[in-house]
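Data block below; observations after.
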Amino acid sequence: MNQRYLIPLTAVFLLFLLAYAGVEGLGLQVVFGVLIPYLAVAAFLIGFVIKVKGWADSAVPFRIPTTCGQQKSLPWIKQNTIDNPNTSTGVFVRMLLEIFAFRSLFRNTKAAFNRHASNKLTYSWEIFLWVGALAFHYAFLVVLLRHVRFFTAPVPGSIQFLEYLDGIVQVGLPGLFISGPVLLLATLFLLSRRVLDAKVSYISQAADYFPLFLIIGIAATGIAMRYFTKVDIMGIKELTMGLVTFHPHIPEEVGGLFYGHLFLVSILFAYFPMSKLMHMGGIFLSPTRNMANNTRAKRHINPWNYDVPIHTYEQYEDHFRDKMIEAGLPVDKKE
């Protein structure tokens, strides 16, 4: 097995085993239930702010929007106002479609040689990648929002309504939440694409596999706690409410599986600002997306430009006139 995904897989397994054994064997509930979650949230918030501030402070000397359509030009040439906007309104619409519908990924194509026919380069529509990415992100969002119920009392009506929609397919007892299996299957699809697609696998590193295995571990342990094992839901609620109110309380009946799940979540939070997952915040600050393409109408001047002293030809000639004449070079003025 390739070490690029063997090492992350082993790391995630050992992290879960560390928390499980630490709680069941050594009684380290306070460490894995209080100390590490607090440190993980602090690392997430501090790292997120530092990362975003660094992007915000970066110079953008030119307008560099990524465009896929006709720029505003002559009156009789139709402009693509979404793919190539020249106004703030157009940029806003494009950003909405990018954030909520992954429009650029929807337009993505896959290039390959058709070796069974003319051996020509052909392009195909990668619709499954777009569907898988949408399923992954929206399932992840729903799972996160559903877990708000563990940190609030009473539970907001909007969260209860979301839970109702997520569990509208009544299969088994307890009822099935659609977002959990969808998140697991979507993550497995993204992982299989990295492993099985030769071109994607070639450019993938261990840092690309680690968050996928981490999310798979989180989803799998969450599903196991809900459908296959018995966990003390009230005890978990006491623990989470104690964390959010800064009055931590360790319940007695919560087992190692939950602490392993919580530890993996904490690792994901702490790792988030250092990983490619930060595209969640970066999409809003990307100059290739959030800038209007109006370079034909307005001149974009770098706001970080400073006055640079120049040396004109007249000054150059005044300085070197005698040497230029001596060398036989033409000069505008003899004196």
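Environment of NE2 in His311: crowded, with over 12 heavy atoms of neighbouring residues, nucleotides or ligands closer than 6.0 Å. In Met234, the CE atom is not crowded: 12 or fewer heavy atoms of neighbouring residues, nucleotides or ligands sit closer than 6.0 Å. More than 12 heavy atoms of other residues, nucleotides or ligands lie within 6.0 Å of CD in Gln315, so this atom counts as buried by the packing criterion.
Remark: Arg107 engages Asp83 in a salt bridge, criterion side-chain N to carboxylate O under 4.0 Å. Between Arg146 and Asp166, at least one side-chain N (NZ, or NE/NH1/NH2) sits under 4.0 Å from a carboxylate O, which counts as a salt bridge. For the pair Arg321 and Asp318, the salt-bridge criterion is met [side-chain N within less than 4.0 Å of a carboxylate O].
Nearest heavy-atom pair across Glu24 and Gly256 is OE2-N, 2.7 Å.
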Check your understanding: Step by step, would you call Phe32 with Tyr259 a ring pair (Phe, Tyr, Trp, His ring centres under 6.0 Å)?
Key -> CA-CA 6 Å; Phe32 291 100; Tyr259 286 101; 7.8 Å; no

Point to revise | Derivation of the ring pair (Phe, Tyr, Trp, His ring centres under 6.0 Å) call for Phe150 and His147 | key: CA-CA 6 Å; Phe150 289 105; His147 279 67; 5.7 Å; yes

Exercise for review: Would you check, one step at a time, whether the test side chain to side chain donor-acceptor pair (under 3.5 Å) holds for Asn293 with Asn84?
Suggested key: CA-CA 6 Å; Asn293 190 19; Asn84 205 333; 2.8 Å; yes

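Taking the ring centroids of Phe102 and Phe106, they lie at or beyond the 6.0 Å cut-off. In this structure, the ring of Tyr271 has its center less than 6.0 angstrom from the ring center of Phe210.
For the pair Met225/His261, a side-chain contact is recorded, criterion being any heavy-atom separation below 4.5 Å from C-beta on. Within the 4.5 Å cutoff, the side chain of Pro65 has no heavy atoms near those of the Thr288 side chain.
Below 30°, between 30° and 60°, or above 60°: for Phe272 and Phe44 the angle between ring planes is above 60°, a perpendicular geometry.
Using modelled atom types, one finds no donor on one side chain facing an acceptor on the other under 3.5 Å when comparing Gln71 with Asn86. With 3.5 Å as the limit, one finds no donor-acceptor pair spanning the side chains of Asn290 and Arg94.
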